[in-house]
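Okay, so here's the structure we're looking at.
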Amino acid sequence: MKRNIIKFSIILGLSVSLFGCKKDFVDDSKPYNVLNPDIFPETMAQVDYFLNSPYANTHCLELFGFSGLGRFFYNIDHTGDVAWLGTSEWNELQVLRINSANSYSGAPWRGLYRGVQQARTFIDQIVPNFKEKKGAAIAAADTLALRYKLGEAYYLRAWHYFFLMNLYAQEVVVKGNGDNTEPGVILYTSDVKIGDRQDEMRPRSTVKQCWDYVIADLKTAMAQLTEPATGAKKSWTGVDKGRIDYFAVEALLGRVLMYEERWDEARDAFLDIVQNGGKSLMNFQDYYNMWNGNPQYAYTENNNTEALHQITIVRSGDNAMAGPSTASAVSLIFTPFFDNGIPGGATPGYGNMYMHDRNLGRFGFPQNYYPVMKNLGTAGRTVETSYIDSCRHMKTLKRYDVDPDPRLWVGAYQPWVDSVMNGAAKVAVLPYGATTETEYQVNAPQSSDIIKHGWTLRKFNLYDVQASQNPRMHGADFYFTRLPEVYLNLAECYWKLTGNNADANALEYINKVHRRAWNLPNGAVQPGVDYTVVSSAAKITKAALHPNTSDPAFQDQLALNALYYETWAETFGEAKWWFNVRRWGLGPNEAKSYETSRAGAITWNSDNQYALPIYQTERDRNANCVQNKGY
């Protein structure tokens with residue numbers, strides 16, 4: 001669910017005047033100006049202020065405030081390709097040849113551990129200090145409120161560790177809930193002495209230890225978010241609607257249990273959400289419009305019926321790259337080029353990244369379908385009308401047998417077909433790059449290092465005021481967990497528990513997501529549309545890639561597995577696919593599917609490539625932190 005009020009609060013930077021305190025709330029006699037429990041916190045408002053910190057950290061610069069989405073996730077999972085080739089660290093991520101000095105792969109480590117620290121500070125210091133300070137004077141309502149706030153903090157700590165594990169753990173799967181002694185990440189448990197650098201230099205815990213720790217945090221969070229007198233599972237309404245509730249926690253718990261292959265426990269968690277969580281799928285039109293921060297559709301963001309963990313990103317005058325902000329600058333990297341009457345067009349942002357061309361084929365779009373261009377190089381250049389009409393039919397008619405997956409246009413803008421606002425005028429989106437290097441523009445096949453189609457990534461890109469809106473002040477919400485993902489996770493549990501490719505429960509939940517994509521009624525079987533098997537030796541999804549040039553016999557696993565494909569298509573552009581690539585072992589498949597980018601050939605030489613290198617700065621600081629294999 002969304003957090004309506006988001007502010008960064010840096011513990012050591014809070015002003016005394018903010019709280020009306022006459023005494024300093026830090027103790028200068030202790031290392032690093034640690035909080036003084038004798039005088040802080042004094043009010044519930046101060047307690048809540050510190051809880052805002054880990055909430056806000058989810059969209060810090062290193063994560064979803066700027067670099068984490070476009071520069072990082074969109075590269076390693078090949079949602080995007082790089083138009084800008086001038087940064088070697090960026091190029092290394094794109095071709096999966098990363099070293100420990102790469103600051104782009106190291107930035108999430110720093111951002112995620114900041115969130116761990118903020119949540120831990122709240123759990124181990126803020127709430128205990130407040131309880132000790134107030135003692136029996138705490139009102140019953142405040143005691144219950146503190147209970148719920150602790151539940152939120154435990155979840156947020158687990159959320160940050162979940163990302164850390166998926167990015168930096170040597171391995172992520174604990175087969176059969178046994179053991180996995182490979183290095184996970186560093187667990188800063190409650191016994192670590194804050195401010196004691198030697199004690200903070202902990203080694204990496206094992207993969208099994210890390211997941212068990214995350215599971216314990218999530219179970220604690222669920223207990224705290226249960227009303228003790230009645231056993232009611234806490235959900236929020238009104239101004240509190242944005243807070244993490246019981247079912248948001250349960251969704252992440254179910255997902256983590258899957259990493260330990262505890263399929264029955266995960267199934268039960270997901271079923272509880274489906275049956276009791278009060279969520280429902282949005283209709284296709286609202287789903288199409290929920291990603292772009294358009295005030296016309298604000299009600300679908302603020303009252304999103306399928307979001308379990310949602311973060312509101314608020315348009316403001318803040319520059320989200322310059323420090324604490326309620327906004328985000330993610331779209332700055334992949335803003336569209338639009339028709340301003342000049343060949344090549346203009347973009348309001350950096351224009352560094354566009355959708356990787358191979359994603360078109362995965363959605364079922366005919367990749368060799370190029371428009372006929374007229375008057376190239378002039379302001380009067382035009383596109384053959386028959387091409388525009390044909391593509392608009394693909395997008396709007398949703399003819400299941402012949403058209404691409406409609407989610408293609410949810411995740412991307414199509415050049416010449418889609419539009420954005422330039423001031424008060426609606427103008428066409430242009431092929432990416434502001435040059436004549438796309439196959440669209442020259443109407444002929446080009447070499448592999450040339451942008452071929454140049455579609456713009458659409459999710460989290462503003463469209464109603466795109467040309468004039470400062471992308472550093474972007475305001476499109478993030479949905480970290482949605483009901484369709486719960487459906488697909490539940491389907492996987494049923495499939496794994498029975499081992500049956502035709503498991504009726506698994507297929508029903510996969511088809512619920514599939515039907516919504518095609519704007520079909522969800523309560524009835526859709527013959528000719530519904531999947532009848534989860535996986536097959538023959539093609540069963542829309543995914544249709546050109547053969548890999550080095551291996552013409554290659555078949556994309558997403559074409560052969562409905563669960564894989566629907567997960568990819570439904571969450572495309574949401575920075576989630578890499579986690580599934582790791583858990584399902586799809587690295588070699590992905591390298592062959594995408595094959596190349598403008599940064600070079602994408603190769604898979606070892607499964608060690610799943611784990612990012614531990615950033616060298618961390619290892620220089622902590623001699624006990626071992627490096628991942630292969631680096």
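Remember, it's a predicted structure, so these values are computed and weren't measured experimentally. We use all heavy atoms of the structure for the numbers below, so side chains are in, but hydrogens, waters and symmetry mates are not.
Checked by atom type, the side-chain pair Thr571/Glu485 shows no donor-acceptor distance below 3.5 Å. Donor-acceptor pairing under 3.5 Å is lacking for the side chains of Asn589 and Gln557. Donor-acceptor pairing under 3.5 Å is recorded for the side chains of Trp577 and Glu590. Side chains of Asp357 and Trp455: a donor-acceptor N/O pair is absent below 3.5 angstrom, by distance only.
In terms of heavy-atom proximity, Thr335 sits nearest to Pro471 at CG2-CG, 3.8 Å. In terms of heavy atoms, Ile333 sits closest to Tyr432 at O-OH, 3.9 Å. Nearest heavy atoms, Asn340 versus Ala346: ND2-CB, 3.4 Å. Here the shortest heavy-atom pairing between Val417 and Cys391 reads CG2-CB, 3.6 Å. Residues Ala506 and Trp495 come closest through the heavy atom pair CB-N, 4.0 Å. The two atoms that bring Leu408 and Leu360 nearest to each other are CD1-CD2, 3.9 Å, heavy atoms only.
With sequence neighbours left out, Tyr594 forms a ring pair (Phe, Tyr, Trp, His ring centres under 6.0 Å) with His78, His356. For the salt bridge (charged side-chain N to carboxylate O under 4.0 Å, His left out) test, residues two or more places apart in sequence or in another chain that qualify with Lys459 are Glu574. Shown here are the ring pair (Phe, Tyr, Trp, His ring centres under 6.0 Å) partners of Phe363, two or more places apart in sequence or in another chain: Trp568, Phe572. Partners of Thr567 under the side-chain hydrogen bond (donor to acceptor under 3.5 Å, both in side chains) rule, at least two apart in sequence or in another chain, do not exist in this structure. Under the ring pair (Phe, Tyr, Trp, His ring centres under 6.0 Å) criterion, Phe478 pairs with Phe64, Phe460, not counting sequence neighbours. Evaluation of the side-chain hydrogen bond (donor to acceptor under 3.5 Å, both in side chains) rule for Glu306 yields Arg482, Arg516 as partners, not counting sequence neighbours. By the salt bridge (charged side-chain N to carboxylate O under 4.0 Å, His left out) test, Glu384 pairs with Lys374, sequence neighbours left out. Taking Asn352 as the reference, nothing meets the side-chain hydrogen bond (donor to acceptor under 3.5 Å, both in side chains) condition, with sequence neighbours excluded. The salt bridge (charged side-chain N to carboxylate O under 4.0 Å, His left out) test applied to Asp403 returns Arg399, not counting sequence neighbours. In this structure, the side-chain hydrogen bond (donor to acceptor under 3.5 Å, both in side chains) partners of Arg407, at least two apart in sequence or on a different chain, are Asp405, Glu566, Glu570. Scanning for ring pair (Phe, Tyr, Trp, His ring centres under 6.0 Å) contacts around Phe334 gives Tyr74, with sequence neighbours left out. Scored by the salt bridge (charged side-chain N to carboxylate O under 4.0 Å, His left out) test, Lys398 finds no partners at all (sequence neighbours excluded).
A donor-acceptor pair under 3.5 Å links the side-chain atoms of Asn57 to the main chain of Gly111, judged by distance alone. The main-chain N or O of Thr603 is found under 3.5 Å from a side-chain atom of Gln609 such that the two form a donor-acceptor pair. In this structure, Thr481 contributes its side chain and His309 its backbone to no donor-acceptor pair below 3.5 Å. Looking only at distances, no side-chain donor or acceptor of Thr305 sits under 3.5 Å from a matching main-chain atom of Lys279. In this structure a side-chain-to-backbone donor-acceptor pair under 3.5 Å is present from Ser67 to Leu61. In terms of modelled atom types and a separation under 3.5 Å, the side chain of Asp81 and the main chain of Ser597 share no donor-acceptor contact. Without hydrogens or angle criteria, Asn522 side chain to Arg515 main chain gives no donor-acceptor distance under 3.5 Å. The closest donor-acceptor contact from the side chain of Asn561 to the backbone of Ser536 lies at 3.5 Å or more, if one exists at all. Side chain of Tyr610 to backbone of Leu586: a donor-acceptor contact under 3.5 angstrom is found. Panel note: side chain Ser419, backbone Ala428; no donor-acceptor pair is recorded below 3.5 Å.
Close placement of the Tyr168 and Trp109 rings is indicated, their centers lying within 6.0 Å of each other. No close placement of the Trp416 and Tyr387 rings is indicated, their centers lying 6.0 Å or farther apart. Aromatic ring centroids of His514 and Tyr565 lie 6.0 Å or more apart.
Classified by interplanar angle (parallel below 30°, tilted 30° to 60°, perpendicular above 60°), the ring pair Tyr350/Phe66 is perpendicular.
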Working note: Leu63 + Thr58, criterion side-chain contact (heavy atoms from CB on, under 4.5 Å); need CA distance, chi angles, decisive distance, verdict.
CA-CA 6 Å; Leu63 302 179; Thr58 59; 5.5 Å; no
One pair to check against side-chain contact (heavy atoms from CB on, under 4.5 Å): Glu492 and Trp584. What are the steps and the verdict?
CA-CA 11 Å; Glu492 183 178 357; Trp584 288 331; 3.0 Å; yes
Would Tyr55 and Leu156 count as a side-chain contact (heavy atoms from CB on, under 4.5 Å) if you check the C-alpha gap in whole Å, the side-chain angles of each, and the deciding distance to 0.1 Å?
CA-CA 7 Å; Tyr55 269 110; Leu156 290 166; 3.8 Å; yes
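Between atom OG1 of residue Thr396 and atom CE of residue Met394 there is a gap of 11.0 Å, rounded to the nearest 0.5 Å. Between the CD1 atom of Ile244 and the CD1 atom of Ile311 there is a distance of 6.5 Å, given to the nearest 0.5 Å. Atom-to-atom distance recorded for Leu332:CG and Met321:CE is 5.5 Å, nearest 0.5 angstrom. In this structure, NZ in Lys576 is found 11.0 Å from CZ in Phe73, a value given to the nearest 0.5 Å. The SG atom of Cys493 sits 11.0 Å away from atom CG of Leu488, with the distance rounded to the nearest 0.5 Å. To the nearest 0.5 angstrom, Ile76 atom CD1 is 7.0 Å from Leu93 atom CG.
At least one side-chain heavy atom of Arg255 sits less than 4.5 Å from a side-chain heavy atom of Phe162. Under the 4.5 Å side-chain criterion, counting only non-hydrogen atoms from C-beta, Tyr400 is not in contact with Leu520. Between Pro348 and Phe338, the closest side-chain pair of non-hydrogen atoms falls below 4.5 Å. Contact of the Tyr494 side chain with the Phe270 side chain is not registered, since no non-hydrogen atoms from C-beta on lie closer than 4.5 Å. For the pair Pro404/Trp409, a side-chain contact is recorded, criterion being any heavy-atom separation below 4.5 Å from C-beta on.
For the side-chain hydrogen bond (donor to acceptor under 3.5 Å, both in side chains) test with Asp418, the passing option among Arg392, Lys395, Arg458 is Lys395; the others fail.
Sparse packing is recorded around CH2 of Trp84, with 12 or fewer heavy atoms of other residues, nucleotides or ligands lying under 6.0 Å away. Open room surrounds NZ on Lys426; 12 or fewer heavy atoms of other groups in view lie less than 6.0 Å from it.
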